[in-house]
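Below is one structure; the comments refer to it alone.
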Amino acid sequence: ALTLLVLTGVVTGILFTVQTLRLTDARLRTQWTTEVRLMERALDWAAVKQLRGEAGDAATADYARVKQQLEALRRVSPQYRFVYLMALRGEGDVRILADSEPASSPDFSPSGTAYSEATAQLVGLFSGNQAITEGPVEDRWGVWVSALAPHVDPETGQVLAVLGLDVDARQWRRALWQATLLPLGATLAFLLAAGLLLRLQARTR
């Protein structure tokens, strides 16, 4: 009977830990999609609409304004690493319109840079209006969880651009690990107590 109780307790602890991980992951992703939506609403979309996704954009006042806004949004939280705008150009190519990195940074992507890491899910955003998260995904810049929000032009009904927010995956993993400490600790404490009881029972016999 005691052995069955121990097994039940262990299975319950594992299930509770897994559920805690899922709930924490869902909470973080909801938080980041909410934040990227707020960022999307804060941008000057009249200026974004003037960007062609070409190198020449960098010389325009509209590009300077949009880039300044992206830089300000990235500074809102130390968790944020990249904030950037992407558009669909040509034969379905995803290209960078502007990003939050200083032009002197090795991670800076000039306007018109092809975003070769674009997934089918990201490309699908250009025909919808639902903010999503992707990742953790590894690319040439690191490992990230990305929140992505499309902006629909109210005049045409078409997606004008997608705003991306990248969070270092280490932040995500750290939050998940911290969330599991309580259920894991409780399960280990239960196992320790159960082990002592089993040992005591064996000695008594």
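FYI, the numbering just counts along the sequence from 1. Only heavy atoms go into these numbers, but all of them, side chains included; no hydrogens, no water, no symmetry mates.
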Examine Trp45 and Leu38 and state if one hydrophobic cluster contains both, with Ile, Leu, Val, Met, Phe, Trp and Tyr joined whenever side-chain heavy atoms are less than 4.5 Å apart.
no
Counting only heavy atoms not in Gln68, do more than 12 sit closer than 6.0 Å to its CD atom?
no
Where the side chain of Asp25 meets the backbone of Leu21, is there a donor-acceptor pair that is under 3.5 Å apart?
no
Identify which one of Phe82, Tyr80, Trp32 satisfies the ring pair (Phe, Tyr, Trp, His ring centres under 6.0 Å) criterion when paired with Trp144.
Phe82
Under the 3.5 angstrom rule, does the side chain of Ser100 hit a backbone N or O of Val83 as a donor-acceptor pair?
yes
Across all chains, not counting sequence neighbours, the side chain to side chain contact (heavy atoms under 4.5 Å, CB included) partners of Val143 are Pro136, Glu138, Ala169, Arg173
Give, for atom CD of Gln121 and atom CD of Glu134, the distance between the pair rounded to the nearest 0.5 Å.
4.5 Å
Check for a donor-acceptor pair, side chain of Ser111 on one end and backbone N or O of Leu97 on the other, with a separation under 3.5 Å.
yes
Please report the interatomic distance OG1(Thr60) to CZ(Arg65), rounded to the nearest 0.5 Å.
12.5 Å
side-chain hydrogen bond (donor to acceptor under 3.5 Å, both in side chains) with Glu101: which residues, sequence neighbours excluded?
Arg81, Ser105
Using a 3.5 Å distance criterion without hydrogens, assess whether the side chain of Asp57 forms a donor-acceptor pair with backbone atoms of Arg52.
yes
Which residues share a side-chain hydrogen bond (donor to acceptor under 3.5 Å, both in side chains) with Glu155, sequence neighbours left out
Lys49
Regarding Glu40 and Arg37, does a basic nitrogen lie under 4.0 Å from an acidic carboxylate oxygen?
yes
Do Leu70 and Met39 come close enough that some side-chain heavy atom pair is under 4.5 Å?
no
Can a donor-acceptor pair be found between the side chains of Tyr84 and Asp166 at a distance below 3.5 Å?
yes
Out of curiosity, does Leu73 fall in the hydrophobic cluster containing Phe108 (side-chain heavy atoms, cut-off under 4.5 Å, transitive links)?
yes
Do Asp99 side-chain atoms and Ser109 backbone N/O form a donor-acceptor pair below 3.5 Å?
yes
